[in-house]
Q: 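So that we are looking at the same thing, I have put the structure below in structure tokens.
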Amino acid sequence: MQPLTKTRLTPTEIAPETFLIHDHQGEGSAPVVVALNSLVIRAQEPVVVDTGMAENREQYLADVFGLVEPADVRWVFISHDDVDHTGNVNALMDACPNATLIVNWFMTERMGESLAVPPTRQRWIDDGGTLDVGDRTLVALRPPIFDSPTTRGLFDPTTGVYWASDTFATPMLAPARNVEEIDVDFWTAGMHMFHQYVSPWVTMVRDAEFQATVDRVAQLSPAVIAGCHTPAVHGGRVAKALATTRTTPTAVVPPQPDQAVLEQIQQSLTVAA
Ligand SMILES: [Fe+2]
Ligand SMILES: [Fe+2]
């Protein structure tokens, strides 16, 4: 359920020629708001990273094409096959005749016929793979927290921006552009909670192996972290985001809403009707 008036955030330039495309859900209908972002990198060969929710198609395409002409989009990188990352992939590829879709084999298997982009317009890049976009080489690197086996993040060594897909997800009390707008204690607890919700297996893994996955991101020395479910993370908050990820496996987080909560929602809807 969306509010009657949804806060509109225009794209945010988070690094030179690198723009966060904003969307969110939960505003006015849930205790917290969740970001649903994607990214545009105006490299020599422009790149779109993830494609938002189908429900937001009109605004999403307007935001992307306000930054780059459809015919100039050369690459569309999908971080994984969830609906909040693939919602407009077919529409975007239809509108961008010169774009090649960056996915991987398992994504095409899992998406089946919902992915209408022919193999001739695809390139498959897995964790550790690279993509030459003319003036820079982007690196695909799986983030530590993920909810699909197909997940790869994307690092731009020119700007130091790392697209973390579902990692570093945080609840927000209101739509935000920069994670500095979120109280640091709320952010830390919220990230722990979302990390365990996204990757419940994180409490079951050997710590040394998990820490090594955080090390891989830390070794990039990212200047800015961007992700689907977080405002942009800059400056000192980058190290804090990594540190919070490291303590995720043993964090104590609230349980997810259950049937009792659903019944409260149903009751409030019945009363309101
Ligand atoms: Fe996901
Ligand atoms: Fe997601």
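Counting starts at 1 for both ligands and their atoms, following the listed order. Keep in mind that this is a model prediction, so the values were computed, not measured.
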Q: If we check side chain to side chain contact (heavy atoms under 4.5 Å, CB included) with Trp163, which of these qualifies: Asp156, Leu39, Val47?
A: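 By the side chain to side chain contact (heavy atoms under 4.5 Å, CB included) criterion, Trp163 pairs with just one of Asp156, Leu39, Val47: Leu39.
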Q: Can you tell if the side chain of Met93 reaches within under 4.5 Å of the side chain of Val76, non-hydrogen atoms only?
A: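 Yes. Closest side-chain heavy atoms under 4.5 Å.
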Q: When you compare the side chain of Thr12 with that of His22, does any pair of heavy atoms fall below 4.5 Å?
A: yes
Q: Where does the angle between the aromatic ring planes of His85 and His80 fall among parallel (under 30°), tilted (30 to 60°) and perpendicular (over 60°)?
A: tilted
Q: In His229, which N, O or S atom comes closest to the Fe ion (ligand 2)?
A: NE2
Q: Passes side-chain hydrogen bond (donor to acceptor under 3.5 Å, both in side chains), Asp50 versus Ser79? Steps please.
A: CA-CA 6 Å; Asp50 284 338; Ser79 70; 2.8 Å; yes
Q: Looking at Glu45, Arg74, Arg123, which one forms a side chain to side chain donor-acceptor pair (under 3.5 Å) with Thr100?
A: Arg74
Q: Distances under 2.8 Å only: what protein N/O/S atoms are near the Fe ion (ligand 1), ordered by chain and residue?
A: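 Near the Fe ion (ligand 1), the protein supplies His80 NE2, Asp82 OD2, Asp147 OD1, Asp147 OD2, Asp166 OD2.
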